[in-house]
S.K.: 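I have a structure here, written as structure tokens, and I will follow up with some questions on it.
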Amino acid sequence: MLDRLDLGRLPRHVAIIMDGNGRWATARKLPRVEGHRAGIRAVRQTVETAARLGLPVVTLYAFSTENWKRPRHEVLTLMGLLKEYINRELDTFLRHDLRFLPIGRIDQLDPSVQRELQRAVDATAACRGPLVQIALNYSGRQELTEVLRTAARQVVAGELDPAVLDETWIEAHLATGGQPDPDLLIRTSGEQRISNFLLWQVAYSEIYFTPVLWPDFDQEEFLKALLAFQQRERRFGGLPETAGVFTPPEGQLGTA
Ligand code: IPE
Ligand code: IPE
Ligand code: MG
């Protein structure tokens, strides 16, 4: 499958909604948390494939702000598994020169989790390979709300002229500031929704839904998604042959 992949046309940013751990476990008559444990293997394979291919950015949705609604035991297990993952994989990150970055309301997580995350951020800060971003206690709406609040504060303080507030300003103030938008968004488990992930950034992402449950998502499944992406025709609102040719000057839309 690797032979069929065009290495010159890989996505610059792949975002993944890792879903289906609970169902994977339930189907095996195991407690849901065993699905999360099995999901770590899929994370490891995905990160290693990304490293091998040299994908510039990979963002993994690990815990949403809505996931606090789950039973306390499940939440605590997820946080424990996260610490375990970092502890065990930090060497892999360094070996592949991967930079680790958590996004989301990290400040609301347990201090022991925050410490472990910071340790990984510090240890990989000088890495120049792919950026592996983990969305934790993340919400796209909350991220945008935060940007609005920053803008409002700066305007009130006289530091920001509302006329300067444009898409570039907003993008720069998102948690993903400075990164390319996801070219490809993958969601496993058959669910076909965004679940509050990267709302601004996915405006023109190609979306790939697969019924495969996250613990079964291996290198082959990742390559399948990348091949499917390379079959897509991206138009960004233009036409295939003219995309990007004409940009109407601002304020003159539709005039003859
Ligand atoms: C994804 O798997 C992991 C997290 C959301 C933390 P789920 O736990 O949502 O698994 P399902 O969707 O219930 O099968
Ligand atoms: C989305 O999965 C969040 C993560 C994968 C971390 P959920 O399982 O929480 O989403 P819904 O509830 O099915 O939309
Ligand atoms: Mg789910």
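Order of listing sets the numbers, starting from 1, for every ligand and every atom in it.
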S.K.: Give me the residue, atom name and distance of the protein heavy atom closest to atom 9 (O) of ligand 2.
M.R.: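 Ranked first by proximity to atom 9 (O) of ligand 2 is Asn67 ND2, 2.9 Å.
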S.K.: Nearest protein heavy atom to atom 5 (C) of ligand 2, by residue and atom, and its distance?
M.R.: Met18 O, 3.3 Å
S.K.: Does some non-hydrogen atom of Gly20 fall short of 4.0 Å from ligand 1?
M.R.: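 The answer is yes, since Gly20 has a heavy atom less than 4.0 Å from ligand 1.
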S.K.: Tell me if the CZ atom of Arg232 is crowded by more than 12 foreign heavy atoms within 6.0 Å.
M.R.: yes
S.K.: Is the Mg ion (ligand 3) less than 2.8 Å from at least one N/O/S atom of Asp19?
M.R.: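 Yes - counting backbone and side chain alike, Asp19 has an N, O or S atom under 2.8 Å.
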S.K.: Quick check: does Ser195 get an N/O under 3.5 Å from an N/O on ligand 2?
M.R.: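 Yes, there is a polar N/O contact under 3.5 Å.
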S.K.: Keeping Arg44 on the side-chain end and Glu89 on the backbone end, is there a donor-acceptor pair under 3.5 Å?
M.R.: no
S.K.: Return the closest protein heavy atom for atom 13 (O) of ligand 2 as residue, atom name and distance.
M.R.: Arg193 NH2, 2.8 Å
S.K.: For ligand 2, which atoms sit closer than 4.0 Å to a heavy atom of Phe63?
M.R.: 6 (C)
S.K.: Using the ring of each side chain (for Trp, its six-membered ring), is Tyr85 parallel, tilted or perpendicular to Phe93, with breaks at 30° and 60°?
M.R.: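 Judged by the thresholds at 30° and 60°, the geometry between Tyr85 and Phe93 is perpendicular.
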S.K.: Got a donor-acceptor contact below 3.5 angstrom from the Asn21 side chain to the Trp214 backbone?
M.R.: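 The answer is no, because no donor-acceptor pair under 3.5 Å joins these two groups.
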S.K.: Quick check on contacts: which atoms of ligand 1 are under 4.0 angstrom from a heavy atom of Leu78?
M.R.: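 The atoms of ligand 1 under 4.0 Å from a heavy atom of Leu78 are 6 (C).
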S.K.: Any side-chain to backbone donor/acceptor pair from Arg9 onto Gln230? Under 3.5 Å, distance only.
M.R.: yes
S.K.: Salt-bridge test for Arg12 and Asp183: reply yes if a basic N is under 4.0 Å from a carboxylate O, no otherwise.
M.R.: yes
S.K.: Could you check whether atom CD of Glu159 has more than 12 heavy atoms from other residues, nucleotides or ligands sitting under 6.0 Å from it?
M.R.: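 Correct, the count exceeds 12.
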S.K.: Could you tell me whether some N/O pair between Asn21 and ligand 1 is separated by less than 3.5 angstrom?
M.R.: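 Min N/O separation from ligand 1 is below 3.5 Å for Asn21.
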S.K.: Relative to the heavy atoms of Ala62, which atoms of ligand 1 are at a distance of less than 4.0 Å?
M.R.: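 The list of qualifying atoms is 6 (C).
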S.K.: Which option out of Glu191, Arg70, Glu74, Arg23 puts a heavy atom nearest to atom 4 (C) of ligand 1?
M.R.: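 Minimum heavy-atom distance to atom 4 (C) of ligand 1 goes to Arg70.
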S.K.: Pull out every atom of ligand 1 sitting under 4.0 Å from any heavy atom of His36, numbered as shown with elements.
M.R.: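 Per the distance check, 3 (C), 8 (O).
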S.K.: Judged on heavy-atom distance to atom 8 (O) of ligand 2, which of Asn196, Asp19, Ile134 sits nearest?
M.R.: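 Nearest option to atom 8 (O) of ligand 2, by heavy atoms: Asp19.
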S.K.: Tell me: protein heavy atom nearest atom 10 (O) of ligand 2, and distance?
M.R.: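 So the nearest neighbour among protein heavy atoms is Arg187 NH2, 3.3 Å.
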S.K.: If you count the non-hydrogen atoms of other residues, nucleotides and ligands that lie under 6.0 Å from CZ in Arg70, is the total more than 12?
M.R.: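 Yes, CZ of Arg70 has more than 12 neighbouring heavy atoms, counting only those of other groups under 6.0 Å.
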S.K.: Look at the aromatic rings of Phe222 and Phe217 and report parallel, tilted or perpendicular, splitting at 30° and 60°.
M.R.: tilted
